[in-house]
Amino acid sequence: MIKSRKAILVVSFGTSYEKTRKKTIDQIENRMRERFPDYRIYRAWTSGMIRRKIEKRDGICIQDVKGALEQMAADGMTEIVVQPTHVINGIENDQMLACVNACRHLFVRVSVGMPLLTTQEDNVRIARVILEELCPKKDEVLVLMGHGTEHYANSVYAALDYLFKDMGYPNVFMGTVEAYPALDSLMRRVKEQNPGRVLLAPFMIVAGDHAENDLAGADENSWKSRFEQAGFEVSCILKGLGEYEGVREMLLEHARAAMDIS
């Protein structure tokens with residue numbers, strides 16, 4: 001039994017897809033337990049829609065950030081680290097920070113870790129992780145699907161697209177399902193390369209609804225269908241970022257950095 005009064009709250013958007021959750025969010029939390037045995041690990045999901053769906057379908061109640069923080073305080077935790085698994089510093093992360101700040105009075109010490117992609121060093125590291133895991137052959141292109149947001153942090157996706165080219169990989173493209181770079185832009189640039197095959201992969205912590213439907217779904221408007229309609233052979237790699245050990249390590253290091261802040 002953990003006697004420490006220290007705890008880590010791992011904050012994720014969440015997913016209703018159990019298979020990918022076990023491979024991603026669960027594994028990130030497990031790695032937190034292994035790396036930081038003196039800390040009790042808590043979970044919070046920011047998506048109310050997903051939490052309600054899970055509770056109705058499975059009878060499992062997953063707390064939001066406020067509820068989790070109040071539970072941690074009730075359990076006697078005094079020093080806490082809040083570590084998001086969010087990919088960027090977007091809307092979900094801003095809302096998390098606002099909630100954490102409103103609950104700081106419940107604890108002696110509160111530290112908050114950075115989302116996955118916060119610094120230029122993070123961008124370079126994630127690019128290297130992707131290239132190590134999914135590097136396309138010379139006659140292939142790799143197209144990554146990020147979520148996308150109206151938040152100004154969306155600019156990181158275009159920056160990553162440029163970074164892959166700058167690192168010598170003109171056949172790696174970064175797009176988003178809800179913002180820019182959009183599919184039409186990606187399609188135009190992929191056609192210019194005329195590859196033998198298009199590899200599609202989600203650039204999200206989990207390979208959930210967007211990966212299963214918007215990326216690889218049978219609908220005529222999915223990315224897979226659109227590239228096939230354009231005459232390309234398409235392969236989908238339904239693997240969330242949370243499955244990559246390099247990504248888990250980045251989040252662990254962000255949590256460690258937050259602990260070290262005095």
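Predicted model only: the values in this text are computed from it and were never measured.
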(message) One pair to check against side chain to side chain contact (heavy atoms under 4.5 Å, CB included): L116 and T85. What are the steps and the verdict?
(response) CA-CA 6 Å; L116 183 66; T85 67; over 6 Å; no
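- More than 12 heavy atoms of other shown residues, nucleotides or ligands fall within 6.0 angstrom of atom CZ in F232.
- The hydrophobic clustering, which links ILVMFWY residues whose side-chain heavy atoms are closer than 4.5 Å, places V156 and M174 together.
- With hydrophobic clusters built from ILVMFWY side chains whose heavy atoms lie under 4.5 angstrom apart, Y244 shares a cluster with L199.
- By the neighbour-count criterion of 12 heavy atoms within 6.0 Å, atom CZ of R104 is densely surrounded, having more than that number from other residues, nucleotides or ligands.
- A single hydrophobic cluster is seen to contain both Y157 and L163, as judged by linkage of ILVMFWY side chains at heavy-atom distances under 4.5 Å, directly or through other members.
- Checking S225 against D219 by side-chain atom types alone, no donor-acceptor pair falls below 3.5 Å.
- A 4.5 Å side-chain heavy-atom check between F13 and M204 finds every atom pair outside the cut-off.
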(request) Evaluate the side chain to side chain contact (heavy atoms under 4.5 Å, CB included) criterion for residues Q27 and E243: first the C-alpha distance (whole Å), next the side-chain angles of each, then the deciding distance (0.1 Å), finally the verdict. (result) CA-CA 8 Å; Q27 292 305 313; E243 294 188 51; over 6 Å; no
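- More than 12 heavy atoms of other residues, nucleotides or ligands sit less than 6.0 Å from atom CD of Q120.
- With hydrogens and angles ignored, the 3.5 Å screen pairs no side-chain donor or acceptor of R5 with any backbone N or O of E79.
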(request) Apply side chain to side chain contact (heavy atoms under 4.5 Å, CB included) to the pair L131 and F164, showing each step before the final yes or no. (result) CA-CA 9 Å; L131 291 171; F164 281 117; 4.0 Å; yes
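- One finds a salt bridge joining K165 and D161 here, because a Lys/Arg side-chain nitrogen approaches an Asp/Glu carboxylate oxygen to under 4.0 Å.
- I91 belongs to no multi-residue hydrophobic cluster, having no ILVMFWY side-chain contact under 4.5 Å with any other such residue.
- The side-chain tip of K191 does not point at the ring of F227 from less than 6.0 angstrom away and within 45° of straight on.
- Under the 4.5 Å side-chain heavy-atom criterion for Ile, Leu, Val, Met, Phe, Trp and Tyr, V234 and V190 are members of the same hydrophobic cluster.
- Exactly one residue among V11, V87, T46 makes a side-chain contact (heavy atoms from CB on, under 4.5 Å) with E92. That residue is T46.
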(message) Let's go through W45 and I54 carefully: what are the C-alpha distance in whole Å and the side-chain angles of both, what is the deciding distance for side chain to side chain contact (heavy atoms under 4.5 Å, CB included) to 0.1 Å, and is it a yes or a no?
(response) CA-CA 11 Å; W45 288 4; I54 292 291; 4.1 Å; yes
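- Using a 4.5 Å cut-off on side-chain heavy atoms (C-beta onward), E249 and R35 make contact.
- Checked against ring pair (Phe, Tyr, Trp, His ring centres under 6.0 Å), H86 has no partners two or more places apart in sequence or in another chain.
- The local environment of CD in E34 is crowded, with over 12 non-hydrogen atoms from other residues, nucleotides or ligands closer than 6.0 Å.
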(message) As a quick check of understanding, evaluate salt bridge (Lys or Arg N to Asp or Glu O under 4.0 Å) for R248 and E245, giving each step before the final call.
(response) CA-CA 5 Å; R248 296 172 189 167; E245 183 57 34; 3.5 Å; yes
